[in-house]
Amino acid sequence: DCFDNKRQGVKFIVRAVQQACGDDVAVYLLDGRMVDCAGAIEHTELAAASNWHGLANLVATQIAPGRGGLLVDIGSTTSDLIPFAEGRVLARGRDDFQRLVHHELVYTGVVRSPLSGIVRNVSHRGEHCPVMNELFATTLDINIVLGHLPPQSEPAWAADGGQTDLAACVRRLARMVGKDELTFTRDDAGEMARQIEVAQLNMLETAARLQLQRLGHADPVMVISGQGEFLARQLYDRLSPDWPSISLLSLSDQLGADLSCCAPAYAIARLAVDAAVALSARAQPAPR
């Protein structure tokens, strides 16, 4: 977001990392290769936003090897829904545009997403009210109100730059329907938050069903990760009646909540270690 185009961004970031860490830097590309800094700058189109593929690659080859399924990684801003099978990533899209077109990238998350981008109307005290098309509140507010995230979490992303205690979240939600803390209660906030969560789940469910139908596996596994694992679990509950044999694999359960929240970074680190070990093994002299 800080650069005019992706080529400029990749070059700047790669060179900054190289300056800080030296030449011994590996960059993950969308084709699964690890390359040096020069290789990343040569192939900026493959280096840009490749982290989602790294996670899907690790899931397909090591976390759920030999299986077919759907990776659902829900972060603060975006959600990745990536099909995989028999050790291969089956994403149709590579860049963000194609991933949006194929519903493999859903631009909604559990902290930074503006609420006016999720719903156009809410029901408030029996009235059908359009929401204000303004950055008054985000999904951070609804998830604190609903108890999915603790109060005082992620204060840097409060829409008004204020606190993220429960009272502040209620105030921000009140503004979505032209009210304030004098005329909008915590119960009102909870009612609004639940409606917005349902709308967000609807967006994710539409994309997930498309991916599972395309995958066509009789017993798929749904691998969930990210800051929004709590939302992914609800998505699983929605899908399981139509896919009775679908199983759930949580990276929080497998790796711990901290690693699940930064799963793409963890995955690429794992893949980099594997690549280094393989390279070292090839460099060893053959036994006589």
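By the 6.0 Å contact criterion, CG on Asn5 is enclosed, its count of non-hydrogen atoms from other residues, nucleotides or ligands being greater than 12. Residue Phe12 places its CZ atom among 12 or fewer non-hydrogen atoms of other residues, nucleotides or ligands, all under 6.0 Å distant. Heavy-atom neighbours of Asp258 CG from other residues, nucleotides or ligands within 6.0 Å: at or below the threshold of 12. Shown here is Arg125, whose CZ atom has more than 12 heavy atoms of other residues, nucleotides or ligands within 6.0 Å. A 6.0 Å sphere centred on CD of Gln213 holds more than 12 heavy atoms belonging to other residues, nucleotides or ligands. The 12-atom threshold is not exceeded at CG of Asp24, counting heavy atoms of other residues, nucleotides or ligands nearer than 6.0 Å.
Between Ala207 and Val106, the closest heavy-atom pair is CB-CG2, 3.7 Å. Residues His217 and Ala85 share a closest heavy-atom pair of NE2-CB, 3.8 Å. Closest approach of Phe84 and Leu70 over heavy atoms only: CE2-N, 3.5 Å. Minimum interatomic distance between Ile142 and Glu197 (heavy atoms only, all atoms of both residues): CD1-N, 4.1 Å. Closest approach of Val111 to Trp157, counting heavy atoms only: CG1-CB, 3.8 Å. The minimum heavy-atom distance linking Pro151 with Ile144 is given by the pair CA-CG2, 4.0 Å.
Taking OG1 of Thr164 as the reference point, atom CD of Glu154 lies at 8.5 Å (rounded to 0.5 Å). Between Arg67 atom CZ and Asp219 atom CG the span is 6.0 Å, to the nearest 0.5 Å. Rounding to the nearest 0.5 Å places OG of Ser76 at 6.0 Å from CD of Gln227. Between the CD atom of Gln8 and the CD1 atom of Ile13 there is a distance of 10.0 Å, given to the nearest 0.5 Å. The line from CG of Leu46 to CD of Glu42 is 10.0 Å long, rounded to the nearest 0.5 Å. To the nearest 0.5 Å, atoms CG (Leu105) and OG1 (Thr78) are separated by 6.0 Å.
Proximity of a side-chain donor or acceptor of Thr77 to a complementary backbone N or O of Gly109 within less than 3.5 Å is not detected. Judged by distance alone, the side chain of Ser245 and the main-chain N or O of Ala218 form a donor-acceptor pair under 3.5 Å. In this structure, the side chain of Ser225 does not engage the main chain of Leu251 through any donor-acceptor pair within 3.5 Å. Of the possible polar contacts, one joining the Gln211 side chain to the His102 backbone as a donor-acceptor pair under 3.5 Å is found. Gln254 contributes no side-chain N or O that, together with a main-chain N or O of Leu249, makes up a donor-acceptor pair within less than 3.5 Å. With hydrogens and angles disregarded, no donor-acceptor distance shorter than 3.5 Å links the side chain of Ser260 to the backbone of Gly256. Distance alone, capped at 3.5 Å, places no donor-acceptor pair between the Arg238 side chain and the Gln234 backbone.
Residue Val72 is not grouped with residue Val89 when hydrophobic side chains (ILVMFWY) are merged at heavy-atom distances under 4.5 angstrom, including chains of intermediate members. Val35 and Trp52 fall within the same hydrophobic cluster, where Ile, Leu, Val, Met, Phe, Trp and Tyr residues are linked whenever their side-chain heavy atoms come under 4.5 Å apart, directly or through other members. One hydrophobic cluster, built from ILVMFWY side chains closer than 4.5 Å, holds both Val17 and Phe3. In the hydrophobic clustering of this structure, Ile63 groups with Leu259; members are Ile, Leu, Val, Met, Phe, Trp, Tyr whose side-chain heavy atoms approach within less than 4.5 Å, directly or through other members. The cluster map of Ile, Leu, Val, Met, Phe, Trp and Tyr, joined by side-chain heavy atoms under 4.5 Å apart, puts Leu115 and Leu149 in the same cluster.
Side-chain contact check for Leu231 versus Leu201: some heavy-atom pair is nearer than 4.5 Å. Residues Cys169 and Val145 form a side-chain contact, since some pair of their non-hydrogen atoms from C-beta on lies under 4.5 Å apart. When side chains are defined from C-beta on, Asn121 does not count as touching Cys129, because their heavy atoms never get closer than 4.5 Å. Contact check for Ser79 versus Leu204: side-chain heavy atoms found under the 4.5 Å cut-off. No side-chain heavy atom of Ile74 sits less than 4.5 Å from a side-chain heavy atom of Glu229. Contact of the Met176 side chain with the Ser116 side chain is registered, since non-hydrogen atoms from C-beta on lie closer than 4.5 Å. Under the 4.5 Å side-chain criterion, counting only non-hydrogen atoms from C-beta, Ser153 is in contact with Leu140. Looking at Ser113 and Thr138, their side chains never come closer than 4.5 Å, going by heavy atoms from C-beta outward.
Ion pairing between a basic and an acidic side chain is recognised when a charged N comes within 4.0 Å of a carboxylate O; Asp253 and Arg233 show such pairing. Between Arg214 and Glu104, at least one side-chain N (NZ, or NE/NH1/NH2) sits under 4.0 Å from a carboxylate O, which counts as a salt bridge. Taking the charged nitrogens against the carboxylate oxygens, Arg171 and Asp160 have no contact shorter than 4.0 Å, which rules out a salt bridge. Of the charged side-chain nitrogens involved, none lies within less than 4.0 Å of a carboxylate oxygen, so that Asp95 and Lys6 do not count as a salt-bridged pair. A salt bridge does not link Asp188 with Lys179: every distance from a Lys NZ or Arg NE/NH1/NH2 to an Asp or Glu carboxylate oxygen is 4.0 Å or more.
In this structure, His53 and Tyr28 have tilted ring planes: the angle between them lies in the 30° to 60° band.
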Leu173 vs Val170, test: side chain to side chain contact (heavy atoms under 4.5 Å, CB included). Steps then yes/no.
CA-CA 5 Å; Leu173 290 175; Val170 172; 5.7 Å; no
Could you please spell out the steps behind the side chain to side chain contact (heavy atoms under 4.5 Å, CB included) verdict for Leu81 and His103?
CA-CA 8 Å; Leu81 294 96; His103 304 279; over 6 Å; no
Applying side chain to side chain contact (heavy atoms under 4.5 Å, CB included) to Met222 and Leu235, what does each step give before you reach the verdict?
CA-CA 10 Å; Met222 180 169 160; Leu235 177 62; 3.9 Å; yes
Would you check, one step at a time, whether the test side chain to side chain contact (heavy atoms under 4.5 Å, CB included) holds for Phe136 with Asp141?
CA-CA 10 Å; Phe136 282 144; Asp141 297 303; over 6 Å; no
For the pair Gln62 and Asp274, evaluate side chain to side chain donor-acceptor pair (under 3.5 Å) and give the outcome as yes or no after the intermediate values.
CA-CA 11 Å; Gln62 299 186 36; Asp274 292 346; 2.6 Å; yes
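The closest side-chain donor-acceptor pair between Thr108 and Gln200 falls under 3.5 angstrom.
Residue Val223 is tested with Ile82, Leu248, Leu58, Val59 for a side chain to side chain contact (heavy atoms under 4.5 Å, CB included); the sole match is Val59.
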